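Quick notes on the structure that follows.
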Amino acid sequence: MLFLGGVFPSLLAAQEAEDAGDYVEAVAARNNVRLGTNWRDYQIRFFTNSEKTLDFRNAGANATLGARYGIANLTLSLPLARIGSLTDTEAKQLALNLDFYQKWGYFGIVAQRISGFEEADEVTGETTYRPDVRMTVVGAYGFRVLNDRFSLRAAFKNSERQIRSQGSTVLALTVENQALRTDGLNLQLRDGTDISVNNFDQQKVGMGLGYGHTWSSPGGWYLTPLAVAGLEFRYNQYTGGDAGTDERRFRVSPRVRGRLAMGYNGIRLFASLRGSFLPGYEVGDRLNARIRNTRMALVVGWRIVHNRKKETE
C-alpha cells in the first residue's frame with residue numbers, strides 16, 4: 001500500500017511538472033537540540049444495548065528533551081502529571097515509538113502498554129481508580145504521499161522547510177493489535193442479563209485515502225491539516241468469567257483519522273504544535289466499545305549550524 005504511487009503514473013507526472021525544490025527546502029543543518037511537552041488522552045467506553053456504560057480513561061503529560069547529531073536522534077520523556085483520579089495512583093505507561101519520515105511519506109511503529117485507568121460513573125459523576133485494567137497496543141502505520149512538492153517531514157518533523165503552500169493526496173495503511181485485560185467489567189443487557197468481560201482483543205487492518213495541505217508564509221509560519229478516511233477490517237473477541245460470555249466476530253466499518261501541525265520553521269529556530277486524533281468504534285452483538293486516542297505535542301528546537309557562511313534568511 002505504501003508504494004502504490006507507481007499505479008498512478010498520470011497523477012504523478014502532472015504533480016511533478018514543477019520542480020519540487022521550489023516548494024520544499026532542505027534545512028541548513030540537521031543537528032539540533034529540542035525541548036517540549038506532550039499530552040495524551042486515551043479513553044475507552046464499553047456499552048451494551050442497555051443504558052449501562054463503563055467509561056475508562058488514562059490521561060497525562062510528559063516533558064521531553066531531545067537532540068540530533070548526524071544520524072543519531074534521541075528523545076527522553078519524563079512524566080509531568082496525571083489527569084483526574086490518576087493523580088495519586090501508580091498508573092503507568094510504557095511506550096516505544098519509531099517514526100520514519102521520508103520524501104515519499106511516513107512509516108511508524110508503535111508499542112505501548114497502559115496500566116491503570118479511572119472508571120467514571122455517569123450517574124454520580126464519581127471516578128474510581130482501576131489498577132487491574134491494562135491495555136496493550138502494537139501497530140504499524142504508513143502514509144504514501146503522491147506529490148513530492150508536499151512534505152510531511154516539514155510539517156511533522158521540521159527536518160525540511162515547506163517554502164510554498166502545497167497539498168497532496170495521501171494513501172494510508174494501518175495494521176494494529178489491541179489487547180485489554182481486566183479482573184472483570186460488569187455490564188447489563190437490556191433483558192437484565194449481566195455479563196462480565198475479562199479480555200477484549202482486536203486485530204485491525206485499515207486502508208484509506210486522504211488529503212494533506214500546508215499553508216506556508218514567507219516568514220516561516222505554517223499550518224498543515226491532514227485527514228484520512230477509509231475502511232477498517234477487524235477481528236473482535238471478548239471473553240468473560242461466566243460460561244457463555246464469549247464472542248468472536250469479523251467486522252468491516254468506516255474509519256476517519258486526523259492529524260494537525262502548526263508553528264514556525266525558520267533557519268535555526270523551529271517550534272511546532274502537533275496533534276493526532278485516532279477514534280475507534282467497535283460494534284458487537286452484545287458488547288460495543290468506543291475508543292478515543294488523542295495526542296498533542298509542543299516542540300521547540302534550535303538547529304546547530306557549524307558554518308555560518310551557509311546561513312541564509
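As the structure is a prediction and not an experimental result, all values here were calculated from the model.
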To the nearest 0.5 Å, how far apart are [atom1] in [X] and [atom2] in [Y]?
| X | Y | atom1 | atom2 | answer |
| --- | --- | --- | --- | --- |
| Arg181 | Asn199 | CZ | CG | 4.0 Å |
| Gln178 | Ile44 | CD | CD1 | 7.5 Å |
| Thr182 | Asp132 | OG1 | CG | 4.0 Å |
| Asn38 | Leu298 | CG | CG | 10.0 Å |
| Leu65 | Thr75 | CG | OG1 | 8.5 Å |
| Arg40 | Met296 | CZ | CE | 15.0 Å |

Ignoring hydrogens and angles, tell me if any N or O in the side chain of [X] forms a donor-acceptor pair with the backbone of [Y] under 3.5 Å.
| X | Y | result |
| --- | --- | --- |
| Asn58 | Gly116 | yes |
| Ser168 | Leu146 | yes |
| Arg234 | Gln202 | no |
| Asn31 | Gly70 | yes |
| Ser272 | Met262 | no |

Inset, instruction - Please test Val145 against Trp104 for side-chain contact (heavy atoms from CB on, under 4.5 Å), starting from the C-alpha separation and ending with a verdict. - result: CA-CA 5 Å; Val145 174; Trp104 51 263; over 6 Å; no
Going hydrophobic residue to hydrophobic residue with side-chain gaps under 4.5 angstrom, can you get from [X] over to [Y]?
| X | Y | answer |
| --- | --- | --- |
| Phe46 | Tyr42 | yes |
| Leu96 | Leu76 | no |
| Val138 | Leu98 | no |
| Ile304 | Val299 | no |
| Val27 | Leu269 | no |

For [X] and [Y], work out which heavy atoms get closest and say how close.
| X | Y | result |
| --- | --- | --- |
| Arg303 | Asn265 | NH2-OD1, 2.7 Å |
| Ala155 | Tyr222 | O-OH, 3.1 Å |
| Gly220 | Arg161 | CA-NH2, 4.4 Å |
| Arg34 | Arg68 | NH1-N, 3.9 Å |
| Asp99 | Gly108 | OD1-CA, 4.3 Å |
| Val256 | Pro279 | O-CD, 3.3 Å |

If we ignore angles and hydrogens, is there a donor and acceptor under 3.5 Å between the side chains of [X] and [Y]?
| X | Y | value |
| --- | --- | --- |
| Asn158 | Arg274 | yes |
| Arg259 | Ser276 | no |
| Glu160 | Ser151 | yes |

Legend entry - Residue pair Phe56, Ile114: steps toward the side-chain contact (heavy atoms from CB on, under 4.5 Å) verdict: CA-CA 12 Å; Phe56 296 92; Ile114 305 173; over 6 Å; no
Are [X] and [Y] packed together at the side-chain level, in the sense that at least one heavy-atom pair is separated by less than 4.5 angstrom?
| X | Y | answer |
| --- | --- | --- |
| Glu176 | Leu278 | no |
| Val170 | Tyr211 | no |
| Gln43 | Asp55 | no |
| Val133 | Met135 | no |
| Tyr23 | Ser216 | no |
| Lys103 | Asp148 | no |
| Leu209 | Leu171 | yes |
| Val137 | Val110 | no |

Inset, instruction - Go through the steps to decide whether Arg57 and Asp41 satisfy the test side-chain contact (heavy atoms from CB on, under 4.5 Å), and finish with yes or no. - result: CA-CA 7 Å; Arg57 183 186 185 196; Asp41 191 357; 3.0 Å; yes
Legend entry - Aromatic Phe143 / basic Arg257 pairing, under 6.0 angstrom, 45° off normal: no
Legend entry - Criterion side chain to side chain donor-acceptor pair (under 3.5 Å) on Thr136 and Arg113, from CA distance to verdict: CA-CA 4 Å; Thr136 302; Arg113 179 180 175 84; 3.2 Å; yes
Inset, instruction - Over 60° means perpendicular and under 30° means parallel, so classify the ring planes of Phe156 and Tyr101, tilted if in between. - result: parallel
Inset, instruction - Name the orientation class of the two ring planes belonging to Phe100 and Phe107 (parallel below 30°, tilted from 30 to 60°, perpendicular beyond 60°). - result: parallel
Inset, instruction - Assess whether side-chain contact (heavy atoms from CB on, under 4.5 Å) is satisfied between Val24 and Phe150, documenting all intermediate values. - result: CA-CA 7 Å; Val24 180; Phe150 170 75; over 6 Å; no
Legend entry - Qualifying residue for side chain to side chain contact (heavy atoms under 4.5 Å, CB included) with Leu226, from Thr214, Leu260, Leu152: Leu152
Legend entry - Arg292, CZ atom: more than 12 neighbouring heavy atoms under 6.0 Å: no
